[in-house]
Amino acid sequence: MQLPDDFIHSTRQLMGDALYATLEAGLNANPLVSIRLNPFKLKAGTFNVHGTESPVPWCPNGFYLAERPNFTFDPMLHQGLYYVQEAASMFIDYVARNVVQQPVRMLDLCAAPGGKSTCAYSALPAGSVLFSNEPMRQRAQVLNENILKFGVPHCFVTNNYARDYQKSRLLFDVVLADVPCSGEGMFRKDAGTIADWSLAKVAECTALQREIITDIWPCLKPNGLLIYSTCTFNAHENEENVAWIAEHLGADFVSVPVPEAWHITGSLIDNHPVYRFIPGKTQGEGLFMAILRKRNTPETEGVFAESYAQQPISSKALAALNVRSHGPLPDEIKGKTALPHQSKALSIQFDTAAFPQISVSYAQAIAYLRGEALTLPTDTPRGIVTLRYANSPLGFVKNVGNRANNLYPQAWKIKSTHLPDTPPCIIQHR
Ligand SMILES: C[S@@+](CC[C@H](N)C(=O)[O-])C[C@H]1O[C@@H](n2cnc3c(N)ncnc32)[C@H](O)[C@@H]1O
């Protein structure tokens with residue numbers, strides 16, 4: 001891998017020769033493959049993860065796989081039974097479990113495609129409410145799809161900038177800001193990030209990150225937690241920025257205990273507790289994370305002690321936001337028929353008795369996910385039918401007798417026409 005000279009020079013200066021050499025070797029090795037199970041859909045003890053190398057130590061739902069299967073052709077991925085996520089990012093699970101003890105209202109400000117949102121939600125105490133936000137329209141669509149596949153209630157997907165949140169006047173107990181960054185930690189996974197990288201980009205990102213946190217700061221309640229993360233190595237976007245937040249916005253660092261065996265690196269420039277994942281040393285891609293608690297002022301002391309998880313969310317607050325979903329999308333009314341949206345089938349609250357159900361084969365499941373019409377057994381009732389695959393809802397068809405019309409959302413379809421000879425076998429029900 002040809003790394004930019006400026007990157008080599010500045011990173012070696014920051015890390016020292018030995019750690020830099022470890023990083024460089026790591027960047028030249030193959031990226032690890034890992035998945036995270038959806039604990040709301042897969043009950044522990046009811047399935048096996050195939051090809052598992054080992055669990056991800058900091059996330060109970062995470063597993064490294066021995067090789068990279070063709071995930072696209074696994075219906076279980078589309079059913080939201082698991083999510084493909086690189087392991088370092090799953091550290092948010094460990095942090096959330098350590099620093100959040102009661103249900104919270106949490107905002108994930110920079111959430112697309114949704115890996116940390118769904119990971120964090122799995123780790124939050126029951127009764128927590130998540131706002132998963134992404135300002136870029138197209139990325140917000142992907143986020144919405146992933147959250148709807150995850151299928152949990154109490155999750156709002158929004159398409160806004162931090163300033164819109166200020167206008168909503170919503171307050172949060174926890175804000176996760178996985179800010180846009182220069183992406184050095186993604187060099188081995190995405191060669192495009194190397195071409196895009198420059199010292200000027202690092203400076204630009206550093207300034208943008210400060211602006212984003214400043215804009216969202218009024219929405220974090222005093223005593224609330226900011227979890228700040230990037231997937232880059234330089235100290236400007238990391239240690240320097242969190243020190244700036246602590247000093248200029250008013251916050252204190254919060255630490256979590258991490259076992260030495262995980263090989264997480266601390267701060268490279270000061271003594272603040274921060275968590276760095278360095279490929280070659282830690283089992284994952286590059287990640288930086290720090291946790292800060294917003295300081296109280298004498299006026300706010302004690303005022304915000306209650307969690308916001310149970311507080312009603314006013315329609316006025318929601319009107320300030322572009323809410324893409326809050327649970328399954330509504331039925332589409334066509335003539336006399338209510339066509340249920342796919343997200344209803346994938347919701348963990350779906351009443352499976354609502355429609356007749358038919359189990360389908362692997363080939364039928366893939367045909368369905370491609371948006372093709374199916375032919376169901378002749379005794380299948382007419383009207384809306386739920387298709388099931390691997391013991392879980394797959395989606396809906398409208399059975400008209402000689403064929404079953406596909407209700408899978410156009411935008412979610414598998415585009416490829418290839419059909420593997422054998423299904424990828426990642427999760428097996430026992
Ligand atoms: C590192 S990615 C987030 C990855 C995501 N947290 C996950 O784990 O799946 C950063 C995200 O920030 C979004 N972003 C860009 N500008 C932003 C802004 N001004 N405010 C908030 N988010 C922004 C990007 O579009 C991108 O989706």
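Quick note: numbers below take in every heavy atom, side chains included, and nothing from hydrogens, waters or symmetry partners. Remember, it's 1-based here, ligands and their atoms both numbered in the order they're listed.
Contact atoms of ligand 1 toward Met136: 15 (C), 16 (N), 25 (O) (distance under 4.0 Å to a heavy atom of the residue). Atom numbering of ligand 1 starts at 1 in the shown order; those under 4.0 Å from a heavy atom of Tyr161 are 19 (N). Below 4.0 Å from some heavy atom of Gly114 lie the following atoms of ligand 1, by number and element: 9 (O).
Here Lys116 has heavy atoms under 4.0 Å from ligand 1 in both its backbone and its side chain.
Distance from atom 25 (O) of ligand 1 to its nearest protein heavy atom, with residue and atom name: Glu134 OE2, 2.7 Å. Looking from atom 23 (C) of ligand 1 to the surrounding protein, the closest heavy atom is Pro135 CG, 3.4 Å. Of the protein's non-hydrogen atoms, the one nearest atom 4 (C) of ligand 1 is Ala112 O, 3.1 Å. Looking from atom 10 (C) of ligand 1 to the surrounding protein, the closest heavy atom is Asp178 O, 3.3 Å. Closest to atom 9 (O) of ligand 1 among all protein heavy atoms lies Gly115 N, 2.9 Å. The nearest protein atom to atom 12 (O) of ligand 1, hydrogens excluded, is given as Cys110 CB, 3.2 Å; this is a heavy-atom distance. For atom 18 (C) of ligand 1, the closest heavy atom belonging to the protein is Ile212 CD1, 3.4 Å.
The aromatic rings of Phe396 and Phe355 lie perpendicular to each other, with more than 60° between the two planes, well past the 30° mark. Using a 30° and 60° split on the angle between ring planes, Trp412 and Tyr408 fall in the perpendicular class, above 60°.
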Could you list the donor-acceptor pairs under 3.5 angstrom formed between side-chain atoms of residues 118-140 and any protein atom two or more places apart in sequence or on another chain?
{"unit_1": "Thr118", "atom_1": "OG1", "unit_2": "Arg36", "atom_2": "NH2", "d": "2.8"}
{"unit_1": "Thr118", "atom_1": "OG1", "unit_2": "Gly114", "atom_2": "O", "d": "2.9"}
{"unit_1": "Thr118", "atom_1": "OG1", "unit_2": "Gly115", "atom_2": "O", "d": "3.2"}
{"unit_1": "Tyr121", "atom_1": "OH", "unit_2": "Pro153", "atom_2": "O", "d": "2.9"}
{"unit_1": "Ser122", "atom_1": "OG", "unit_2": "Thr118", "atom_2": "O", "d": "2.8"}
{"unit_1": "Ser128", "atom_1": "OG", "unit_2": "Val104", "atom_2": "N", "d": "3.1"}
{"unit_1": "Ser128", "atom_1": "OG", "unit_2": "Pro125", "atom_2": "O", "d": "2.6"}
{"unit_1": "Ser132", "atom_1": "OG", "unit_2": "Ser117", "atom_2": "OG", "d": "2.7"}
{"unit_1": "Asn133", "atom_1": "OD1", "unit_2": "Thr158", "atom_2": "OG1", "d": "2.7"}
{"unit_1": "Asn133", "atom_1": "OD1", "unit_2": "Asn160", "atom_2": "N", "d": "2.9"}
{"unit_1": "Asn133", "atom_1": "ND2", "unit_2": "Leu109", "atom_2": "O", "d": "2.9"}
{"unit_1": "Asn133", "atom_1": "ND2", "unit_2": "Asn160", "atom_2": "O", "d": "2.9"}
{"unit_1": "Glu134", "atom_1": "OE1", "unit_2": "Ala112", "atom_2": "N", "d": "3.3"}
{"unit_1": "Glu134", "atom_1": "OE2", "unit_2": "Met136", "atom_2": "N", "d": "3.1"}
{"unit_1": "Arg139", "atom_1": "NH2", "unit_2": "Ala112", "atom_2": "O", "d": "3.0"}

Review item, side-chain donor-acceptor pairs of residues 6-19, under 3.5 Å, at least two apart:
{"unit_1": "Ser10", "atom_1": "OG", "unit_2": "Asp6", "atom_2": "O", "d": "2.7"}
{"unit_1": "Ser10", "atom_1": "OG", "unit_2": "Phe7", "atom_2": "O", "d": "3.4"}
{"unit_1": "Thr11", "atom_1": "OG1", "unit_2": "Phe7", "atom_2": "O", "d": "2.6"}

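Taking all atoms of both residues into account, the shortest heavy-atom contact from Leu32 to Gln283 is CD1-C, 3.5 Å.
Every heavy atom of Ser89 sits 4.0 Å or more from the atoms of ligand 1. Assignment of Ala162 to the shell around ligand 1 is not supported, since no heavy atom sits closer than 4.0 Å.
Put simply, the side chain of Lys41 gets close to the backbone of Leu346: a donor and an acceptor are under 3.5 Å apart.
Classification of Arg293 and Asp252 as a salt-bridged pair fails, no side-chain N sitting under 4.0 Å from a carboxylate O. Using a cut-off of 4.0 Å between Lys/Arg side-chain N and Asp/Glu carboxylate O, Arg163 and Asp215 are scored as salt-bridged.
Taking only non-hydrogen atoms, the option from Cys231, Ser229, Gly183, Pro180 nearest to atom 15 (C) of ligand 1 is Pro180.
Atom CZ of Arg169 has 12 or fewer neighbouring heavy atoms from other residues, nucleotides or ligands inside a 6.0 Å radius.
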